Each structure stands twice: as structure tokens, then as C-alpha cells.
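Just below is one structure, and these are the notes that go with it.
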Amino acid sequence: MSPASPAGVHARARIGARADRYGRTVLPVLEGEAPLALRRTRATGPAAQVTLVGAMSGPLGGDRLVVEADVGAGARLGVGSAAATIALPGQDGAAAHYDVRLTVASYAELRWLPEQLISVRGSELRVTTRADVEEGGCLVLREEQVLGRAGEDPGLLRSRLTVRVAGRPLLDQELTCGPGAPGGWDGPAVLGGHRAVGQLVLIHPRFAQEPPAATMLTDHAALTPLPGPGALITALSPNALHLRHTLDEALHRLT
Amino acid sequence: MSRAALLVLADGRLPAGGHAHSGGAEAAVKAGRITGARSLEDFCRGRLHTTGAVSAALAGAAALGVDPVALDEAADARTPSAALRTAARKLGRQLLRAARVAWPSPELDALAARFPKGAHQPVVLGTAARAAGLDAEDAAHCTAYENVSGPATAVVRLLSLDPFEATAVLARLAPDMDTVARQAAEAARRAWDEGTDTLPAASAPLLEVGAEGHAGWDVRLFAS
Amino acid sequence: MHLDHTHDEAAAVSADAHRPDGTRRALRIGLGGPVGSGKTATVAALCRLLRDEMSLAVVTNDIYTREDAEFLLREAVLPPERITAVETGACPHTAIRDDISANLEAVEDLEDEVGPLDLVLVESGGDNLTATFSRGLVDAQIFVIDVAGGDDIPRKGGPGVTTADLLVVNKTDLAPYVGSDLARMAADAKAQRAELPVVFQSLRSEEHVSAVARWVREQHAAWAGAAAK
């Protein structure tokens with residue numbers, strides 16, 4: 001456990017999932033540093049289920065949090081979180097960093113379905129999520145960004161999502177929004193006043209042969225095939241609840 | 001280096017297919033998000049700092065001579081909308097046709113042989129700029145400009161917007177275009193040194209979603 | 001990266017009579033003219049008449065729909081893979097004259113995918129009397145007007161009427177109903193066009209599209225003859 005420095009908390013949480021010789025998923029690595037904690041929770045299927053528990057609201061400005069999940073060949077892992085991640089201002093105005101590193105081996109599956117990220121007024125958070133999937137691996141990854149708590153202006157949020165399959169970049173996008181973001185971020189080309197935006201990435205070998213057809217899911221949500229064995233749903237909503245509903249429906253439809 | 005070559009490359013009359021594309025403006029007009037000069041400017045500014053910044057960096061990197069296959073792959077990953085990938089390759093192919101006649105070069109020929117159905121347009125533009133003796137910042141400038149001039153011209157047709165107002169929008173965006181081009185040239189140099197993963201990836205969710213919707217319309221004025 | 005340097009010649013010149021592989025490309029004939037003059041009906045009639053004697057394909061340039069392409073598909077004048085629609089961004093004349101890149105791509109894709117072709121018909125979107133095809137896109141062009149559009153159109157001239165390789169005055173069966181003077185139209189066209197041919201046609205008559213088809217066959221014979229030399 002790293003001591004909290006004046007510059008903020010530096011903490012890391014790691015999950016390692018492996019298939020045992022009976023085909024069950026075991027978790028040889030499951031460790032978190034405060035404020036990040038990991039709990040193995042009851043799974044409904046053959047996959048192992050882990051819940052990320054934040055011991056407090058955060059991250060705060062200056063914090064550096066890293067969460068890693070590594071799913072070995074044949075293993076199946078689901079990861080959720082107990083509550084929304086809330087980006088809060090720090091005392092010295094420094095930015096917070098939140099890095100997520102996911103690796104999925106062949107014949108492995110990772111369902112990464114955390115709760116929303118809420119960008120609070122005055123906060124500054126830099127999120128990077130990077131998923132590396134080996135050929136034949138499966139990934140379901142959800143990201144939801146909520147701009148401000150109810151009726152509140154957002155902070156500055158930069159969120160980059162990179163997905164590579166078999167070493168090739170399949171998806172690389174960065175959303176920057178809130179005060180201090182480049183001009184036009186809330187205008188008619190980017191967010192247009194929407195306060196919740198989400199992505200659902202699906203990587204599956206079957207998409208290489210049968211890419212899903214591009215489809216509109218709502219007026220502000222679309223499914224599109226990625227340039228490889230994957231699909232992306234992008235949705236904009238007035239609020240977090242509506243966004244989750246749209247993404248859940250899409251997930252249900254595709255899996 | 002020829003300053004005039006930049007004007008030729010950036011000319012809206014360059015026969016490279018741009019006139020048939022609105023850069024997402026048609027979908028935004030239909031959805032009521034662009035209604036006049038003010039919202040057009042907001043649209044263009046947002047587009048410029050997202051897809052414009054990414055395209056300008058790709059073009060700049062191609063102008064420096066970064067591997068166009070790696071750049072095309074990077075462009076694919078930064079263009080999640082399948083409809084926009086199709087449009088970008090179509091426009092790339094059309095630009096390549098024009099560029100090969102205007103600035104014949106083995107690199108442009110090789111690009112055509114490698115991508116017979118078209119590479120992403122900014123990758124072609126950067127390679128064309130290189131063939132024309134232009135540098136990374138020139139290519140980035142040209143890309144930043146056409147990233148917003150296309151929608152502005154389209155909105156003149158879609159809304160019967162006063163063309164003087166549309167031109168004034170572009171003039172007001174000039175400082176932003178300069179900033180984007182300068183940053184794109186820096187990003188291009190970084191891509192040269194450290195690889196294409198370092199290129200910017202700024203996205204515009206409404207453009208992505210709107211493009212998929214637009215591609216499904218039966219009646220439309222523009223191809224994208 | 002090392003790109004293959006397989007294309008050393010400047011193969012991108014649009015007016016080049018050869019495809020990149022060195023074979024001679026199809027003859028391209030453009031059909032232009034004002035909205036509603038009967039371009040699509042003429043293209044459909046030509047396809048029906050010529051499809052058994054030559055390998056044909058069509059490119060349409062719709063203004064804001066795919067209706068012309070869909071009409072041809074519905075009428076089944078050619079198999080669907082031989083019909084392509086080009087989108088013109090509200091500027092049909094731009095797509096056939098000032099920026100022909102999308103049309104060239106469509107023509108070349110047809111040759112690649114369903115070729116070898118003898119003839120590609122490129123139909124423009126309905127436009128005004130000044131809209132003509134670039135010589136970089138087509139080898140010959142037909143301008144289609146109709147008697148109901150006013151019998152003074154030949155007199156007014158304009159690049160389409162004056163310079164097209166063939167002027168078609170369509171819907172002659174309607175002349176009595178709209179008060180158009182065919183003799184005057186013929187005289188005005190002669191004055192504007194000197195030796196360039198003019199065809200008066202009604203797709204409802206027995207003669208139908210045969211005069212235009214004859215002209216197309218002559219163009220093709222000349223094109224094929226040039227190739228044989």
C-alpha cells in the first residue's frame with residue numbers, strides 16, 4: 001500500500017484470472033491498494049466475478065489510480081464496480097489520473113462493466129483505458145461519462161479509449177469535455193448539450209466473419225462495425241439513467 | 001517549397017470529390033442542431049478540434065513520410081463510424097486521382113497500388129502535399145481548412161444561408177485553424193519519432209452517430 | 001513500409017483510352033439535359049435495345065435521391081450490378097464537368113467488377129441548359145430536351161444544345177398538345193448546331209429509341225475501330 005503523498009494518492013489494483021485444469025476460472029491475483037479494493041463476488045455463470053469497491057469518493061485532483069485486469073487463455077472474468085467513480089477537485093488544482101489496463105488472451109473473455117464516471121464541477125481527470133485482446137479473445141467493455149451531478153456543470157474530463165486486437169489498433173478515441181476543453185465541445189458536432197455519453201465495445205471473433213450492420217439504436221445512439229472483429233455502440237443521452245438503458249438494450253441485442 | 005502549391009491543394013475547386021460531402025452538416029441541419037451562422041460556427045469549431053485535429057495530424061505525418069499503411073490503420077481506428085470510414089476512403093481515392101495528375105510521384109503511384117479502393121483522405125492529402133513539395137504544417141493547414149470549409153459550403157446550400165455569413169464564419173475560425181495546424185504538425189513529428197499510437201484521437205460523438213443515421217437516409221443532398 | 005511500385009506510368013489521366021492494365025476501356029457516352037426531358041427513359045430504352053448486342057453498364061447522377069438508379073433497377077433493364085448511382089452534393093453539373101472524380105471511379109469500378117464492357121452510359125442529374133460533360137469523363141455526349149419544355153429551347157442554344165454530339169428532342173407525340181412547332185425547333189437546332197446531328201423521338205412511337213441507338217452503334221463502331229488500329 002502506497003502512502004498518500006501530498007500530491008495525492010497513488011494506488012493500484014490488479015486482477016489476474018486464469019483457467020484451471022477443470023476449465024474453471026480462478027483468480028491467482030486479486031489485490032488492491034486503498035482506496036481501491038477488490039471483492040470476488042458470487043457469479044451466476046462459469047465466469048469469475050469481481051467488484052471494484054472504492055473506499056471513498058474519488059479520484060481527487062492529484063490522485064493516480066491504476067486498475068489492471070489480465071485474463072489468461074480460456075478464463076472468463078466479469079468486473080463491475082460498487083458505485084460510480086466521481087472525479088472531484090483536489091486541493092492544489094492538479095489533475096487526477098485514472099488508468100485502466102486490460103489484457104485478454106485467446107479463448108478468454110472479459111466483461112468490463114463498471115458504473116459511470118461522473119465529472120464534478122472544478123475537477124480535472126485524465127482517464128486512459130487500454131485493452132489489448134489477443135486473436136480469438138472476447139471483450140465487452142462499457143464506459144459512461146456523466147457531465148456533472150444533477151444540474152451541475154462538469155469539470156474537465158479527458159478520456160481516451162484504445163482497443164487493440166492481435167496488436168492492431170481497432171479503436172482509438174478521446175473525448176475531451178468541460179471547461180477548458182477545446183472550443184465547440186458542447187456544440188452541434190460533439191455533445192450538443194447531452195450530459196451523458198457512453199461507449200460499448202464488443203470484441204468477438206465471430207464479428208470478423210459477420211460484422212454487424214450499422215444501425216441507429218435511438219436518434220442519438222448508433223451501432224457500427226469496427227475495422228476488425230468488433231463493434232461499437234456510441235450513445236448520447238440527457239442523463240445517466242437513459243444512457244444505461246440504451247446501452248443495456250444494445251448489449252442484450254448483441255450478446 | 002512552393003507557397004502557391006498549397007493554394008492549389010487547398011482550393012475548393014480541386015476536383016477531388018469534396019463538393020458531394022457535407023462533413024456531417026446535413027445530418028446536423030436535419031436534426032435542428034445547425035440553424036444559422038452561429039450554430040454553424042459552433043459546429044465547425046467542434047469539428048475542427050476533434051476530427052479536424054486528428055485528420056490534420058494524419059496529413060502532417062504523411063507529409064513527413066511516415067508509413068502510409070500505418071497511418072491508414074491509425075485513421076481506421078480513429079474513425080469508428082463505418083459510414084465515415086467509407087466516405088474517407090472514397091474521398092481519398094478521388095483526391096489521389098487528382099493528385100497523381102497534378103503532382104506525379106512514385107509515392108502517390110505506390111499508394112494507389114496499395115489501396116486500389118482508396119486510403120483515408122488525410123493520408124492521401126499528406127502524401128500529395130509531400131509530392132507537391134509542401135511540409136507537414138502545410139498539409140495540416142490544408143486539412144484543417146477543408147475540415148470546416150466543406151460543412152460551411154454545404155450549409156449555404158442546405159439552409160440557403162447567406163454565403164457572406166458562411167465566409168465570415170470561416171474567417172473567424174482562422175486562429176483556431178492555425179492552432180490546430182501547429183499542434184498537428186507537432187503531433188506528426190512525434191509520430192515520426194515514436195510511432196502512430198501517439199497521434200491525437202479526439203472524437204466527436206454526434207458526428208459519429210449522425211453519420212450512421214445519414215447513411216441510411218433515402219433522400220439526401222450529400223454523400224456524407 | 002515498402003509499397004509495391006507496380007504503377008510506374010501515370011495511369012490516372014482520365015481521358016486515357018486505356019485501363020491501367022493496358023486494355024482498351026469501354027466507350028463512355030454521357031446523357032444530359034433538363035429535369036424531366038426523358039433522360040432516364042431514353043437510357044432504359046437504349047439498355048433494352050442494346051443489351052443483347054453489347055456489354056453495357058449505367059452510371060446515374062441523382063441530385064438528392066437514388067430514384068433514377070432505382071427506376072432502372074425496378075424496370076430491370078440491366079442486372080443490378082451493372083447500375084451505379086453517384087451522389088452529387090446538390091450540384092449535378094459539378095459531378096459531370098468540374099469534378100468528375102466520383103463518376104470516373106464509378107465507371108472504373110463497373111469495368112473492374114462486371115467488365116469487360118463495350119459501353120458505359122453516364123446519365124447526368126437533371127440540370128440546366130449549360131450543363132455539359134467533361135471530355136475527361138465521356139467520349140461523346142447526348143443532350144436530351146423535350147418539346148414540352150418549350151419550342152424555343154433550340155433557339156436559345158447554350159452549351160448543351162449547341163455542342164452535344166447528338167441532340168435529342170424528345171416526346172414529339174406531345175407537340176400538338178403543348179403547341180410546340182417541331183419544324184421551327186428543327187430549323188433552330190440546325191442553325192445552332194450546323195452539321196451536328198439532331199434526332200426527334202417519341203418513345204411511344206414505333207420508331208421508339210432506334211435512331212439514338214443507331215447513333216450509339218456508330219459511335220461504338222468508331223471507338224472499336226480506333227482500338228483495332
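Since this is a predicted model, take the numbers as computed values, not measurements. In what follows, every chain begins at residue 1, and chains take the letters A, B, ... in the order their sequences are listed. Worth knowing before you read on, the calculation uses all heavy atoms, side chains too, and leaves out hydrogens, waters and symmetry mates.
- Scanning both residues, A:Asp172 and B:Arg78, for their nearest heavy atoms gives OD2-NH2, 3.1 Å.
- Between B:Pro200 and A:Glu174, the closest side-chain pair of non-hydrogen atoms is not below 4.5 Å.
- When side chains are defined from C-beta on, A:Met216 counts as touching B:Val209, because their heavy atoms get closer than 4.5 Å.
- Of the two parts of A:Thr234, the backbone and the side chain both hold a non-hydrogen atom closer than 4.5 Å to a non-hydrogen atom of chain B.
- More than 12 heavy atoms of other shown residues, nucleotides or ligands fall within 6.0 angstrom of atom CD in A:Glu152.
- The part of A:Arg164 that comes within reach of chain B is its side chain, from C-beta onward, which places non-hydrogen atoms under 4.5 angstrom from that chain.
- Only the side chain of A:Leu232 comes within contact range of chain B, with at least one heavy atom under 4.5 Å from a heavy atom of that chain.
- With chain B as the partner, the residue from A:Leu191, A:Thr176, A:Thr162, A:Asp186 showing the most heavy-atom pairs under 4.5 Å is A:Leu191.
- Under a 3.5 Å cut-off, the side chain of B:Arg33 and the backbone N or O of A:Pro188 do form a donor-acceptor pair.
- With a 4.5 angstrom heavy-atom cutoff, A:Leu171 touches chain B via backbone and side-chain atoms both.
- In terms of heavy atoms, B:Gly46 sits closest to A:Ala189 at C-CB, 4.3 Å.
- For A:Ala231, no part sits under 4.5 Å from any heavy atom of chain B, backbone or side chain.
- Checked against A:Val190 for a side chain to side chain contact (heavy atoms under 4.5 Å, CB included), the options B:Leu206, B:Thr50, B:Thr51 give a single hit: B:Thr50.
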